[in-house]
Amino acid sequence: MAETSQKKVVTRFAPSPTGDPHIGNVRTAFYAWLFARQHEGEFLIRIEDTDRARSVEGSEEKILKMWKWLGFDYDREIIRQSERKSVYGEIAEKLVENSKAYRCFCAPERLDAMRKEQQARKEQPRYDEHCRNISAEESDERKNNGEEFVIRLITPEGGETVACDIIRGKVEFPNNNIDDLVLLKRDGFPTYHLAHVIDDYEQGVTHVIRSEEWLPSLPKHILIHDALGYELPNYAHLPMILATDKSKLSKRHGAVSVLDFKAQGYLPEAIVNFMLLLGWHPKDGSEQEVFDLDDMKKQFALEDVQKSGAVFDYQKLDWMNAHYIRRMESDLLYDSVLPFFEKNDAYKGLDFLGNNETSELLKRALRLEQDRVKKLSEFPDALGFVFFEPTYDNPDILIWKKSDKAETVDRLEMLAELLNGIVSWNEEEIEKTVKDKIESEGYGNGDTLWPLRVALSGREKSPGPFEIAEVIGKEKTINRINNAIKILG
Ligand code: GLU
């Protein structure tokens, strides 16, 4: 675990409310949370909503709901940058007063034309410092006359800006590549660059843990700190999340929003465990894949996070989810699958909420598929045979491959009678009764158990016949066997 100075660790998640929470951002937030909890520090949430055009109504609620659903918490009150507009404006004006920044009155059309010319010359687009030397008097006057402006930082010519990243070590950036960046926009809102620096400082953030996409902007942030006289926090830039084809993970690869994963029946524990391994693995070379929160807190080390992109493997997520579904306690499993049954058209009109036969049947039935499904959403289809009587497109599936119709009907008739005689109806008893009979009569397992299983499930592949029989009960079991006999006719 990284040694930290005496200061209490403070990390944060600073989402922009621009849509559904992407798994990559959430992984980053989770590492920040985990790091804070490892160090008995604080973890804050800050809503970065200064880009009014990109803000999407309802995003903040979604993000917070998702965070809670994953089982995470946060400290202090949430702050919203849109409510702090005047703070950033005043600080930006202070920078102008102190000659660390200046007002730029260039019209957007001029900037556009400039950019196009630079591109035509194959130069990196950058601001040409046109307004840098406007005198303070002129600048104030134009402001007072109501002329629109942005505030830009004065950046140094030549030299290098050097920083230290917890994951990447020393990183150096030539200053010539940095132009006079905008701190305050025409609408009076700050840019991300200015706002997050001020907030991180005012909130006492000690470790800025964020996505690699911000690494190229780091020198700008360092220059802003310098201009403001703020001490630098520690930085950790986390690797991007890539698809298996090594491109940036996006919707075309599959679900990317945590809410979509939830809707598809992934469990929060599985997602959290999976996210842990999106960029970090135990350093001792152990193959451990399953971690509970205590393990995570003990073992995770920010400095061991990989530098290269983390590949998102949907199959592995499925495996992880299946693992956590298998471990679920039956009451919790029941509560968790209910929404999937309720929104499935095939189950319309069935009441799972009361203490009735249907809900009891579902409670008993879940274990039939608990070891097989990968997602909660698979339960309704997988358990259709429990609730609905089998129908056969092809009744021949009732016949074991080494048997024939006459023998199958014979076995099913025998089974109907045999099972009818069972008094205490449970899996063990049913299994024992049937197996004893097979043995004493010299029947084959296949020619007896295959038709029994298919008669109960209507499927070529299904859980075993004895467990199904116990779950659906004696009456349905016998009815289904008789029905199969009739169908084979
Ligand atoms: N609002 C920024 C984003 O969502 C935050 C980046 C950061 O963590 O500083 O990308």
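In each ligand, atom 1 is the first atom listed, and ligand 1 is the first ligand listed.
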The side-chain contact (heavy atoms from CB on, under 4.5 Å) partners of Ser217 (sequence neighbours excluded) come to His193, Trp214, His221
Sub-4.0 Å heavy-atom environment of ligand 1, residues by chain
Arg12, Ala14, Ser16, Glu48, Tyr192, Arg210, Trp214
When you check the gap from the basic side-chain N to the acidic O, do Arg12 and Asp199 get nearer than 4.0 Å?
no
Side chain to side chain donor-acceptor pair (under 3.5 Å) filter on Asn273, not counting sequence neighbours, yields Tyr324
Can you tell me which residue pairs pass the ring-ring contact (aromatic ring centres under 6.0 Å, His included) test with a partner in residues 102-141, sequence neighbours excluded?
Phe105-Phe149
Pairing of Asp75 and Arg37 as salt bridge, 4.0 angstrom limit
yes
Does Asp187 pair with Lys85 as a salt bridge, N-O distance under 4.0 Å?
no
